[in-house]
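I have placed the structure first, in the form of structure tokens, so that the comments after it can refer back to it.
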Amino acid sequence: MPLSLRLSIADTLTLGNATCGFMAVYFTTTGILIPHLTDSQESGMARNSAATAVILMLCAAVFDLFDGLVARKLRSSPMGAELDNLSDLISFGLAPAYFVLVYGMVADDASQRVAAVGAVVVLLAVVLRLARFSCVTVANGMFQGMPSPFGALTVVAIVLLELPFVATLLAILGTAWLMVSRVEYPKPRGRLAVAMLSWIVLAMGLLAAWAFGAPSGQLLLQTGCALQLVTGAVIPLFATARRVNNFRGNRREARAAQLP
């Protein structure tokens, strides 16, 4: 095959990302939406399917984390960047937006049409973010706006918290705004990548405990979801504080250079 059409190891991981996103949509449909439309009372099945869908999104985030690391260590094909954006659109755009849409259809206090608007906003935010990422060069080691995997997991965490519908919708819209904002987020490298991977593994454990009805499983899941939201809000504060400190340091150096 021509060199431009050969898949690298990193590309294979990227395709795993897309597969996980598609299967998350599948489990959301077959395990949550269809039982609701057919008046099935299998609440345990819906809970297991919701947990499975979110775990698949977490697996997609793991693939997304490692395909970049592998590409930097080995090589990436000419298709690598395009494959990554398309896979991210499926796993972190379509899958969480569809999760929000189904939530609006099955939750007792939710409005289906309003939830559909929220889902479209999430999808468009990811589309705009991925397009901007391909065109804009930012400072090394930083993302401009909340990364789409982190944003997708935050949106799902908001839904799983089971807050009142208005609060849920506002939090989802706020997360979508963060994804297209200029707020800086650090790239997951080194210790931060290890911390992110550890958090994903912990989240999978919390979801499994909730799905199988473990004691205090609901409380553990809600605690994990709340931590996801707090982390998403706190990380930009650290980045902003660092920028302020750098700005002050540069001003002090400029003043010192002007002194005789």
Side-chain angles (χ1 to χ4, degrees), residues 7-33 48-71 76-77 79-103 118-134 143 145-160 172 175-176 178-180 185 187-188 193 196-197 199-204 206-208 211 224-225 228-229 231-232:
L7 295 177
S8 65
I9 298 176
D11 295 335
T12 304
L13 295 175
T14 303
L15 294 178
N17 171 6
T19 302
C20 288
F22 175 77
M23 293 306 297
V25 173
Y26 169 78
F27 278 100
T28 304
T29 302
T30 59
I32 303 176
L33 180 59
N48 290 338
S49 298
T52 302
V54 180
I55 287 175
L56 284 166
M57 293 185 216
L58 289 166
C59 290
V62 173
F63 281 119
D64 185 64
L65 176 65
F66 277 102
D67 67 1
L69 296 175
V70 172
S76 60
S77 73
M79 297 187 297
E82 286 73 18
L83 285 176
D84 188 59
N85 278 347
L86 292 171
S87 298
D88 286 354
L89 180 59
I90 296 172
S91 298
F92 311 125
L94 175 62
Y98 186 71
F99 198 82
V100 172
L101 178 64
V102 172
Y103 155 74
V120 170
V121 171
V122 171
L123 179 63
L124 293 181
V126 175
V127 171
L128 292 172
R129 168 169 175 74
L130 293 174
R132 187 179 66 182
F133 179 76
S134 301
F143 285 119
M146 180 183 284
S148 52
F150 198 89
L153 297 179
T154 302
V155 167
V156 171
I158 293 168
V159 174
L160 292 178
I172 289 173
T175 303
L178 280 174
M179 283 193 280
V180 297
Y185 282 77
K187 292 184 179 180
M196 181 178 177
L197 182 61
W199 171 247
I200 290 175
V201 172
L202 176 61
M204 289 180 179
L206 295 176
L207 285 162
C225 292
Q228 175 74 24
L229 268 65
T231 303

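Counting begins at 1 with the first residue of the sequence.
Here Y98 contributes atom OH and T29 contributes atom OG1; the two are 2.5 Å apart, rounded to the nearest 0.5 Å. Rounding to the nearest 0.5 Å places CG of L202 at 10.5 Å from CG of L58. The structure places CG of N85 at 10.0 Å from CZ of R129, a figure rounded to the nearest 0.5 Å. Atom CZ of F63 is separated from atom CG of L56 by 10.0 Å, given to the nearest 0.5 angstrom. Going from atom CG of D88 over to atom CG of L83 covers 10.5 Å, rounded to the nearest 0.5 Å. Here the CG-CE distance, from L153 to M146, works out to 10.0 Å after rounding to the nearest 0.5 Å.
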Where do L178 and T154 land on the side chain to side chain contact (heavy atoms under 4.5 Å, CB included) test, with the steps shown first? CA-CA 11 Å; L178 280 174; T154 302; over 6 Å; no
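Proximity of L130 to S148: side-chain heavy atoms (C-beta onward) are separated by under 4.5 Å at one or more points. Counting heavy atoms from C-beta on, the side chains of I172 and V159 come closer than 4.5 Å. Residues L123 and L89 are in side-chain contact: their nearest non-hydrogen atoms beyond the backbone lie under 4.5 Å apart. Y103 has its side chain out of reach of V155: every pair of non-hydrogen atoms, C-beta onward, lies at least 4.5 Å apart.
Crowding of I9 atom CD1: a count of heavy atoms from other residues, nucleotides or ligands under 6.0 Å not exceeding 12.
Among residues at least two apart or in separate chains, side-chain hydrogen bond (donor to acceptor under 3.5 Å, both in side chains) pairs with a member in residues 59-69 are T14-D67.
Closest non-hydrogen pair, A53 versus T28, comes out as CB-OG1, 3.4 Å. Heavy-atom minimum distance, A125 versus V180: O-CG1, 3.5 Å. The two residues G21 and I90 come nearest to each other via the heavy atoms C-CG2, 4.0 Å. The two residues S49 and I32 have their closest heavy-atom pair at CB-CG1, 4.2 Å. Closest non-hydrogen pair, V121 versus A176, comes out as CG1-CB, 3.7 Å. In terms of heavy atoms, A97 sits closest to A119 at O-CB, 3.1 Å.
In terms of modelled atom types and a separation under 3.5 Å, the side chain of S91 and the main chain of N17 share a donor-acceptor contact. Using modelled atom types, no side-chain atom of Y185 and backbone atom of M179 make a donor-acceptor pair closer than 3.5 Å.
With sequence neighbours excluded, the residues satisfying side chain to side chain contact (heavy atoms under 4.5 Å, CB included) with T231 are F150, I235.
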